[in-house]
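Worksheet for the structure shown next.
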2 protein chains.
Amino acid sequence: MAKRESNVDRVYEALRRMAADFAFKPDQRINESALSEVLGASRTPLREALNRLVAEGFLTFQNNRGFFCRPLTPSYIMDLYEARVAVECEAVRLACTRAADEDIAALADYLNRMEPEYESATDPEELLAMDESFHARLAQLSGNSELQRILNNLNGRIRYIRLIDLKRMRDRAGGKAPGDISAHRQIVEGIAARNTEAAVSAMRSHIEKRREEATEAVRIAFSQLYVPDE
Amino acid sequence: MAKRESNVDRVYEALRRMAADFAFKPDQRINESALSEVLGASRTPLREALNRLVAEGFLTFQNNRGFFCRPLTPSYIMDLYEARVAVECEAVRLACTRAADEDIAALADYLNRMEPEYESATDPEELLAMDESFHARLAQLSGNSELQRILNNLNGRIRYIRLIDLKRMRDRAGGKAPGDISAHRQIVEGIAARNTEAAVSAMRSHIEKRREEATEAVRIAFSQLYVPDE
DNA sequence: CCTTGGAATATTGTATGCAGTTTCGAATTC
DNA sequence: GAATTCGAAACTGCATACAATATTCCAAGG
């Protein structure tokens, strides 16, 4: 069997990670030749991958000037969080109406199985992965693949900020990041009870609670990004 | 002044129009060489544009097999409509909270100025353009550029179906497509009154009303797409 | 010292060529 | 006649080359 994954896919994945982790600094111009050398591919597949990332909002593009890392502003982050509210609340609403009982139960199970790990984890990356995984599964309950797709995109772009946020909370709380699993459980219980209003409002306040924290996190992100650590 | 618009932009715009109007039939394989000749560009910029369209959900891609027109299924259309509900309802919600009175008034004005044209128009394309324009302006009131971006993408993908739908309604109603401007006015009035619940529910029912029609429209779209007219 | 002009340099934009893979059809077998 | 195999043709994947455009840098003038 020959290779199944193409070069542009590999490059795309690498770039998405780099963009999500802000390996590029906001507004930084991206040098294609240098990057292609780092990634071990020529400029042709690299540019194809870069174009995908532009379409997904991870990067920007200017004619004859090339690709840039997206800027990072408080209002941009706010927009992303608000879009998450829109998508996830509707997903919850749909899940209440149409998710199968067994699928809801499976998600509740997942939450229970995860709880020990979630409560004991201190690594922000790990926590974030679990959190994102929960939200993705929740979106799956809606049965709507567009909502899942949009959420995946938003989470990718919001990822770095959430990481900053989690690290900050861990440092404040003395080595313990806050595993806010009760909010998740509340949402799932609302869905299980087919109580649309309760579930939606639980989701809304869960996300909105993060929003002000995120604004603060952006400020911190700025200081981490613009004061180079090398 | 030299050219401001690059080749890939031009190609992208052309492709987006073609995809929105289903110049490609669902699941049809796209031949890069032939297409590049039609569009007057080499395969390199063409592929960059195609990659953007894949990222935006207009096309699909398979390794070593190339690009394909997206499939067209009732559940896919349903997903798009539901995503629209999510995005537009949240946009309305935000507009109620934070839009400036003068901007709301401007939208109401726009609606009034458009009304004669809207009521008298018989060309579905024209009607659709006006309708999309209204929804885009409404999303602008939210002040959230992510919601605007997502809506723009969803509308682009849903466009063909709405066109089929409008044409069908026109034919049924005897040369008169239904200018449902009252629903739009109701939404704007809700926002002007800062009555969030009223405005949101008006928006929700406005979009959802279209949904069942859309399912029927898909069936018709199928017959138009798979029975070639040439 | 700041500004301006303009070559030198670096970077992007796109065409082209070739290697690798898939697709298609004709010949072959059952 | 249907299924199968195999080779040719078509197509995609990617590297490379060169043209077009932007950026930098340095020198000259104010």
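Reckoned from all heavy atoms, side chains included, excluding hydrogens, waters and symmetry mates. Here is the naming used below: chain letters follow the sequence lines, and residue numbers restart at 1 for every chain.
B:E132 and B:N155 are not linked by any side-chain donor-acceptor pair at a separation below 3.5 angstrom, with hydrogens and angles left out of the test.
The phosphate of D:dA15 (OP1 or OP2) has a side-chain N or O of A:S42 nearer than 4.0 angstrom. At least one side-chain nitrogen or oxygen of A:N7 sits closer than 4.0 Å to the OP1 or OP2 atom of D:dA15.
Residues meeting the side chain to side chain contact (heavy atoms under 4.5 Å, CB included) test with A:S75, sequence neighbours left out: A:T73. Here B:Y76 pairs with nothing under the ring pair (Phe, Tyr, Trp, His ring centres under 6.0 Å) rule; sequence neighbours left out. For A:R47, the side chain to side chain donor-acceptor pair (under 3.5 Å) criterion is met by A:E32, B:E48, not counting sequence neighbours. For A:S133, the side chain to side chain donor-acceptor pair (under 3.5 Å) partners at least two apart in sequence or on another chain are A:Y110. Residues that satisfy the side chain to side chain contact (heavy atoms under 4.5 Å, CB included) test with B:C89, not counting sequence neighbours, are B:V85, B:V200, B:M203, B:R204. Partners of A:R211 under the side chain to side chain donor-acceptor pair (under 3.5 Å) rule, at least two apart in sequence or in another chain, do not exist in this structure. In this structure B:N153 satisfies the side chain to side chain contact (heavy atoms under 4.5 Å, CB included) test together with B:E56, B:F58, B:R157, sequence neighbours excluded.
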Anything under 3.5 Å between a protein N or O and an N or O of nucleotides 5-12 of chain C, put it in a table, one pair a line.
residue: C:dT11; atom: OP1; partner: A:N31; partner atom: ND2; Å: 2.8
residue: C:dT12; atom: OP1; partner: A:I30; partner atom: O; Å: 2.9
residue: C:dT12; atom: OP2; partner: A:E32; partner atom: N; Å: 3.2

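In secondary-structure terms, DNA chain C builds stems of at least 3 consecutive Watson-Crick or G-U pairs, each pair having both distances under 3.5 Å, at C:1-30 with D:1-30.
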